[in-house]
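Encoded as structure tokens, the structure appears first; notes follow it.
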Amino acid sequence: MSNRPRVRFAPSPTGSLHIGGARTALFNWLYARHHGGTFVLRIEDTDKERSTPENTQAILEALRWLGLDWDEGPEVGGPYGPYFQSQRMERYREVIEKLLAEGKAYRCYCTPEELERKRAQAQAEKRQYRYDRTCRDREDQPDLPYTVRLKVPLEGTIAFEDRVYGRIEVSCEALQDWIIARSDGTPVYNFVVVLDDIDMKIDLVMRGEDGLNNTPTQLTLYQALGVEPPAFAHLPFILGPDRSKLSKRHAPVSVLHYRDQGFLPDAMVNFLARIGWSYGDQEVFTREELIEKFSIENIGKTAGVFPADKLVWLNFERIRAMDPARLAERVKPFVEKAGLPLPPDDRLAWICRLQQDRAKTLVELVEISRYFFTRTPIDPKAGQKFLTGPSRELLLEARAAIEAASDVSEATMKPALEGLAAKHGVGLGKIAQPLRVALTGGTASPGIYDVIEFFGREECLRRIDEALAQFSVDSGGELA
RNA sequence: GGCCCGUUCGUCUAGCGGUUAGGACGUCGGCCUCUCACGCCGAAAGCAUGGGUUCGAUUCCCGUACGGGUCACCA
């Protein structure tokens, strides 16, 4: 392998990018960036039925969101394009003809019905079915539909050294003369993937564990073509809680879903990297650290369950560590989506600073901050408890203290409110909770001085007055 | 079923012949405290199983069990 390796990610646009695909993309990207190589993106859109341009766009969007930029591929081009398989058909046909001409492949006139019959028979006799090579040495070319099959070696073994799993060896008897072109002339996946990897000069194929069983078959094609195969590295699966391959019945698997739920791309990347890869005891990585520390040697062989809790934690860590102004930029779209009025940038950053160690996602951050953006209804139970009876008296005194204070900074409010509490022989909580309910509508919020300072004197007084008006003096509750 | 791969706390994992088997998430308990969080301290929790090899196996080899994958004119 050259010291500037070329690797690729080759998704099929039959859906948007899912967690497993994203991790495969990430590992390839990390490998390329670590070695100063080239990351190629290729779209495997030969399945006309299920591939759509919308899915392709969704995949590109997800990749961009994750920050996995490709050096060659859709929208950026490159010397080995086109990067859509649907546009490479001519090339495939050409190679199929060549293989046929060289006698390395042959036309098979067996009908699907015949093949199905033989398969059923084998099954009935409890024999392993393998194509019986009826047409392998056939000389004539009747005017009938045919598929093209590759002549695979009759005996011997096919072996390769997987960079993750080590030496893999299978007997040729386990293989068969596989179809490389369907009766309509279109090539099959195992064929095109090999050809594209050759043409795009891929040095290392890093893909999911399911590729492991395909590799020997693909190797027979490299052999027939007389081409030195690339290196292979297969990645252990990501599993669902029931330990089968992760799918949407286990958890949302679309990367874009996590974006919309308020996860940060860096958290996602960190999370993805740690499934099946590790670096000693380290859990939290910046993107740069991942690039620097990534290596195939540290990829494990064991499939692992999707650790959703860890993603949440990682996201939380990220949010907490972010500069409030930068966090505010990220939060902005979520404020708009929630239908809340967008405050000036510095005010939004202020909110972020007050809430960033209370929210696990950006969606949650906005959700627990609604009262900062707009006046929200007071929780009836909280109002009942803290805006009536004895609490009400304390709140009135707190109101007076706010009104009388020279300013509403923590430096002046703290002694004022603590003095009030001391005067009544109660804990600060007796003062802070009624205030909190009046100001925020609920019983959970950042520190009371932070809240007061954020709103400012006028807004505090207004909110307190409104709150008091909504609840009566006695314990009767709301006036309605 | 044939073939291929895998198996360390509930989960993600470190370990690469001798360790009190380490970390993290989660869980539970405590501390802090104006609420909610944060933070801090602590606890419970693991080498699938049977044989070898070896002075000594979580670690190396074989079997068993369990799990996954793959065997298409899908990708």
Side-chain angles (χ1 to χ4, degrees), chain A residues 10-14 44-47 49-51 85 108 110-112 115-116 119 123 126-130 145-149 162 164-166 168-171 173-176 178-184 186-190 192-193 208-217 234 236-237 239 241-245 271 274-284 298 300-314 316 320 355-360 368 382 386 414 417-418 421 427-437 440 442-449 451:
Chain A
S12 174
T14 54
E44 312 218 321
D45 57 349
T46 49
D47 185 342
E49 301 296 303
R50 298 186 299 155
S51 300
Q85 285 184 333
C108 171
C110 298
T111 65
L115 296 173
E116 189 40 53
R119 200 182 330 244
Q123 172 118 20
K126 294 193 172 175
R127 271 180 13 244
Q128 290 308 310
Y129 171 77
R130 224 137 267 144
Y146 61 86
T147 60
V148 179
R149 288 183 186 268
D162 190 88
V164 170
Y165 287 96
I168 306 287
E169 191 175 316
V170 304
S171 162
E173 284 151 40
L175 272 19
Q176 60 180 329
W178 52 289
I179 290 174
I180 58 178
R182 306 180 184 95
S183 48
D184 66 359
T186 60
V188 303
Y189 166 78
N190 270 329
V192 295
V193 72
E209 197 185 331
D210 47 348
L212 209 52
N213 290 298
N214 271 328
T215 307
T217 294
H234 288 91
F237 275 135
L239 273 23
D242 63 357
R243 306 206 75 91
S244 66
K245 201 174 156 185
F271 169 72
R274 279 286 288 104
I275 306 178
W277 176 85
S278 61
Y279 191 80
D281 281 345
Q282 190 170 347
E283 297 282 352
V284 180
N298 289 327
K301 297 180 173 67
T302 340
V305 174
F306 180 72
D309 284 349
K310 223 152 194 174
L311 172 58
V312 172
W313 172 73
L314 242 13
F316 171 66
R320 216 154 62 81
Q355 299 280 223
Q356 66 189 141
D357 57 7
R358 293 177 168 78
K360 294 177 167 56
I368 62 172
F386 292 108
K414 192 169 196 281
L417 295 187
E418 281 176 354
L428 185 58
K430 295 287 186 208
I431 310 281
Q433 277 308 77
L435 254 182
R436 189 182 325 273
V437 171
T440 71
T443 55
S445 84
I448 196 65
Y449 306 118
V451 173

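Basis for what follows: all heavy atoms, side chains included, without hydrogens, waters or symmetry-related copies. Chain letters run A, B, ... following the sequence lines, proteins first, then strands; residues in each count from 1.
With both ends at atom P, the span from C62(B) to G67(B) equals 22 Å, rounded to whole Å. Atom C1' of G6(B) sits at a distance of 15 Å from the matching atom of C47(B), rounded to the whole Å. Taking the P atoms as reference points, G46(B) lies 29 Å from G63(B), given to the whole Å. The separation of A65(B) from C25(B), taken at their P atoms, amounts to 39 Å, rounded to a whole angstrom. Here the separation of C60(B) from G17(B), taken at their C1' atoms, is 9 Å to the nearest Å. Taking atom P on both nucleotides, U19(B) is separated from G26(B) by 32 Å, rounded to a whole Å. When the P atom is compared between G52(B) and A57(B), the two are found 11 Å apart, to the nearest whole Å. The C1' atoms of G18(B) and U58(B) are separated by 12 Å, rounded to the nearest whole Å.
Base engagement by N214(A) is indicated by at least one non-hydrogen atom pair under 4.0 Å involving a base atom. T46(A) comes within 4.0 angstrom of sugar-phosphate atoms only, judged by non-hydrogen atoms across all strands, and of no base. Contacts of S12(A) with the nucleic acid, taken as non-hydrogen atoms under 4.0 Å apart, involve only primed sugar atoms and P, OP1 or OP2.
Dense packing is recorded around CD of E116(A), with more than 12 heavy atoms of other residues, nucleotides or ligands lying under 6.0 Å away. Within a 6.0 Å sphere centred on OH of Y129(A), heavy atoms belonging to other residues, nucleotides or ligands number more than 12. When the shell of 6.0 Å around CD of E418(A) is examined, it contains more than 12 heavy atoms from other residues, nucleotides or ligands. Heavy atoms of other residues, nucleotides or ligands lying less than 6.0 angstrom from CD of Q282(A) number more than 12.
Side chain of R119(A), nearest nucleotide from A75(B), G68(B), C73(B): C73(B). In this structure, the nucleotide among A14(B), G69(B), C73(B) sitting nearest to the side chain of F237(A) is G69(B). For E209(A), the side-chain atoms get nearest to C5(B) when compared with the rest of C73(B), A75(B), C5(B). Here the nucleotide nearest the side chain of F316(A), chosen from A72(B), A75(B), C38(B), is C38(B).
A side-chain donor-acceptor contact under 3.5 Å links S171(A) to the backbone of E173(A). With hydrogens and angles ignored, the 3.5 Å screen pairs no side-chain donor or acceptor of R274(A) with any backbone N or O of Y279(A). Between the side chain of T217(A) and the backbone N or O of N213(A), no donor-acceptor pair lies under 3.5 Å. Side-chain N or O atoms of E209(A) include none that pairs as donor or acceptor with a backbone N or O of H234(A) at under 3.5 Å.
Across every non-hydrogen atom of L212(A) and P216(A), the tightest pair is O-CD, 3.3 Å. Of all heavy-atom pairs between L115(A) and C110(A), the closest is CD2-CB, 3.8 Å. W178(A) approaches N190(A) most closely through the heavy-atom pair CZ3-CB, 3.3 Å. Of all non-hydrogen atoms in L314(A) and E283(A), the two that sit nearest each other are CD1-O, 4.2 Å. The minimum heavy-atom distance between K360(A) and V312(A), with the atom names listed, is CD-CG1, 3.5 Å. Minimum heavy-atom separation, Q355(A) to P446(A): NE2-CG, 3.5 Å.
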*Under the ring pair (Phe, Tyr, Trp, His ring centres under 6.0 Å) rule, what do F306(A) and F271(A) come out as? Steps first, then yes or no, please.*
CA-CA 10 Å; F306(A) 180 72; F271(A) 169 72; 5.4 Å; yes
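Put simply, NZ on K360(A) is 12 Å from P on C25(B), counting in whole angstrom units. Distance CG (D47(A)) to P (C73(B)): 15 Å, rounded to an integer number of Å. Distance NZ (K301(A)) to C1' (C5(B)): 10 Å, rounded to an integer number of Å. Atom CG in N298(A) sits about 12 Å away from atom C1' in C16(B), given to the nearest Å. The separation between W313(A) atom CH2 and C38(B) atom C1' is 14 Å, rounded to whole Å. Between D281(A) atom CG and G23(B) atom P there is a gap of 8 Å when expressed in whole angstrom units. Atom CD of Q123(A) and atom P of C71(B) are 15 Å apart (whole Å). The CD atom of Q282(A) sits 12 Å away from the C1' atom of G23(B) (whole-angstrom rounding).
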All N/O contacts under 3.5 Å from nucleotides 1-4 of chain B to the protein, with atom names and distances to one decimal?
unit_1	atom_1	unit_2	atom_2	d
G1(B)	O2'	Q128(A)	NE2	3.3
G1(B)	N2	Q128(A)	OE1	3.0
G2(B)	O4'	Q128(A)	NE2	3.2

Close N/O contacts between protein and nucleotides 10-13 of chain B (under 3.5 Å):
unit_1	atom_1	unit_2	atom_2	d
C12(B)	OP1	V305(A)	N	2.6
C12(B)	O2'	R274(A)	O	3.3
C12(B)	O2	K310(A)	NZ	2.9
U13(B)	OP1	G276(A)	N	2.8
U13(B)	O3'	S278(A)	OG	3.4

Write down the protein N/O and nucleotide N/O pairs, taken from nucleotides 33-36 of chain B, whose separation is under 3.5 Å; answer none if there are no such pairs.
unit_1	atom_1	unit_2	atom_2	d
C34(B)	O2	R436(A)	NH2	2.3
C34(B)	N3	I448(A)	N	3.2
U35(B)	O4'	Q433(A)	OE1	3.1
U35(B)	O2'	T443(A)	O	2.6
U35(B)	N1	R436(A)	NH2	3.3
U35(B)	O2	T443(A)	O	3.2
U35(B)	O2	S445(A)	N	2.8
U35(B)	O2	S445(A)	O	3.1
U35(B)	N3	R436(A)	NH1	3.1
U35(B)	N3	S445(A)	O	2.5
U35(B)	O4	G447(A)	N	3.1
C36(B)	O2	R358(A)	NE	2.5
C36(B)	N3	R358(A)	NE	3.4
C36(B)	N3	R358(A)	NH2	2.9

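C47(B) takes the anti form, because its glycosidic angle lies more than 90° either side of 0.
The partner of G56(B), taking Watson-Crick or G-U wobble pairs whose two distances both stay under 3.5 Å, does not exist in any strand shown. As the counterpart of U19(B), no nucleotide is assigned, since no Watson-Crick or G-U wobble pattern has both distances under 3.5 Å. Taking a pair to require two hydrogen-bonding distances under 3.5 Å in either a Watson-Crick or a G-U wobble arrangement, C34(B) remains unpaired. Using N1 to N3 plus N6-O4 or O6-N4 for Watson-Crick, or N1-O2 and O6-N3 for G-U wobble, each under 3.5 Å, A14(B) pairs with nothing. Across all strands shown, C3(B) forms a Watson-Crick or G-U wobble pair, both distances under 3.5 Å, with G69(B). Across every strand in view, G42(B) sits in a pair with C28(B) that passes the Watson-Crick or G-U test at under 3.5 angstrom. Summarising the base pairing, G50(B) is matched to C62(B) through a Watson-Crick or G-U wobble pair whose two defining distances lie under 3.5 Å.
Projected onto RNA chain B by closest heavy-atom contact, A359(A) and P11(A) fall at different nucleotides, the more 5' of which corresponds to A359(A).
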